[in-house]
A.B. asks: 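Quick one: the structure is below, questions incoming.
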2 protein chains.
Amino acid sequence: MSTQYSISDLAKEFDVTPRTLRFYEEKGLISPSRDGQTRSYSSADRTRLRLILRGKRLGLTLEESAEIINMYDAGAGSKKQIQTLIEKIREKQQQLLEQQKELKLMLTDLRNAEKRCLEALD
Amino acid sequence: MSTQYSISDLAKEFDVTPRTLRFYEEKGLISPSRDGQTRSYSSADRTRLRLILRGKRLGLTLEESAEIINMYDAGAGSKKQIQTLIEKIREKQQQLLEQQKELKLMLTDLRNAEKRCLEALD
DNA sequence: TTTTAGCTTTACGTTTACGTAAACGTAATA
DNA sequence: TATTACGTTTACGTAAACGTAAAGCTAAAA
């Protein structure tokens with residue numbers, strides 16, 4: 001059998017609580033299989049979790065992350081579906097590029113603030 | 001008198017509701033003066049608002065934005081205060097740099113997803 | 001003068017992303 | 001055998017960031 005993870009395995013690895021993982025499942029973000037009653041996470045589930053958390057660190061909502069993740073998984077689908085996906089992907093890329101600009105602005109400002117503070121230390 | 005703005009002036013310019021501006025004031029993020037009973041925003045207030053919203057677009061909480069903004073404004077203060085500020089500024093810079101990495105990762109992933117989708121269109 | 005437009009405060013409602021506790025099952029360990 | 005550790009579901013609670021509605025003041029326009 002391929003590697004499977006328990007709920008607390010993943011919780012510890014990614015520093016979240018089991019509650020969080022159950023919540024993500026409730027929201028349809030991850031769908032681990034069951035070993036009897038208990039959840040069993042595949043490495044694909046683990047990857048999904050990593051992507052969700054990456055999205056969170058960028059300030060995305062869970063829904064937005066779900067949208068992006070479903071883009072990765074979209075190999076199948078009709079031509080029309082795929083084209084819609086491509087549009088959404090490009091939209092999201094645009095958003096991230098904007099965010100990158102804001103981030104640079106803020107970093108510049110912070111460096112200036114630091115400089116002023118250092119100068120104030122004379 | 002220097003330029004002053006009404007609550008709806010700023011709301012329109014930054015595409016937020018007056019409620020949002022009152023909320024920020026309630027949280028101590030902006031402190032417009034009063035023209036009798038009504039709020040009157042200076043260009044400094046306007047700048048603070050711009051910084052708050054920039055922080056929001058980066059996924060910062062209002063409290064985090066407030067922290068950063070207070071860094072900009074910190075010209076005065078004791079040496080110890082300033083040194084504490086500098087540490088916080090560097091911390092925040094570190095966070096933003098990490099965020100920048102995540103962002104690049106996600107952009108790369110999205111470009112790959114786009115590519116796969118395009119290839120699936122054969 | 002009455003209506004309209006915009007401002008105010010007060011206060012309860014809403015969504016997101018979980019936290020926390022109750023009540024229970026199971027399996028290994030003391 | 002009883003405790004400990006881990007899992008489950010169900011359900012109410014919570015913080016953040018506003019939305020929305022009520023009730024009232026004020027000035028300009030119809």
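Values below: all heavy atoms of this structure, side chains included; hydrogens, waters and symmetry mates excluded. Below, read A as the first sequence line, B as the second, and so on, with proteins coming before strands; counting in each chain starts at 1.
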A.B. asks: Do B:Lys115 and B:Glu119 touch side chain to side chain, with heavy atoms closer than 4.5 Å?
C.D. replies: yes
A.B. asks: Taking only residues at least two apart or on different chains, which pairs with a member in residues 27-38 of chain B satisfy side chain to side chain donor-acceptor pair (under 3.5 Å)?
C.D. replies: B:Glu25-B:Arg34
A.B. asks: Can you tell me the distance, in whole Å, between the CD atom of A:Glu63 and the P atom of C:dA17?
C.D. replies: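 The answer, rounded to whole Å, is 8 Å.
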A.B. asks: Mind calculating the distance between OH (B:Tyr5) and P (C:dC7) to the nearest angstrom?
C.D. replies: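 The distance from OH of B:Tyr5 to P of C:dC7 comes to 16 Å, rounded to the nearest Å.
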A.B. asks: Across nucleotides 3-9 of chain D, 5' to 3', mark each nucleotide with B, S or - according to how protein heavy atoms within less than 4.0 Å reach it.
C.D. replies: ---SSBB
A.B. asks: Is the closest side-chain heavy-atom distance between B:Leu29 and B:Arg48 below 4.5 Å?
C.D. replies: no
A.B. asks: Does A:Gln93 have any side-chain hydrogen bond (donor to acceptor under 3.5 Å, both in side chains) partners at least two apart in sequence or in another chain, and if so, which?
C.D. replies: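 A:Gln93: side-chain hydrogen bond (donor to acceptor under 3.5 Å, both in side chains) contacts with B:Glu114.
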A.B. asks: Applying salt bridge (Lys or Arg N to Asp or Glu O under 4.0 Å), which residue pairs with at least one partner in residues 6-18 of chain B are found, sequence neighbours left out?
C.D. replies: B:Glu13-B:Arg46
A.B. asks: Taking the side chain as everything from C-beta on, heavy atoms only, tell me whether A:Ile68 gets closer than 4.5 Å to B:Asp109.
C.D. replies: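 Side chain of A:Ile68 against side chain of B:Asp109, heavy atoms only: no contact under 4.5 Å found.
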A.B. asks: Could you run down nucleotides 18-24 of chain C 5' to 3' and tag each one B, S or - for protein heavy-atom contact under 4.0 Å?
C.D. replies: BBB----
A.B. asks: Is there a side-chain contact between A:Leu53 and A:Tyr24 in this structure, where contact means two heavy atoms from C-beta onward sitting under 4.5 Å apart?
C.D. replies: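 The answer is yes, as the side chains (C-beta and beyond) meet within the 4.5 Å cut-off.
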A.B. asks: Measure CG/B:Asp35 against P/C:dT8 and give the value in whole Å, please.
C.D. replies: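 Answer to the nearest Å: 11 Å.
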A.B. asks: Got a sec, which residues hit side-chain hydrogen bond (donor to acceptor under 3.5 Å, both in side chains) with B:Glu102, two or more places apart in sequence or on another chain?
C.D. replies: A:Arg57
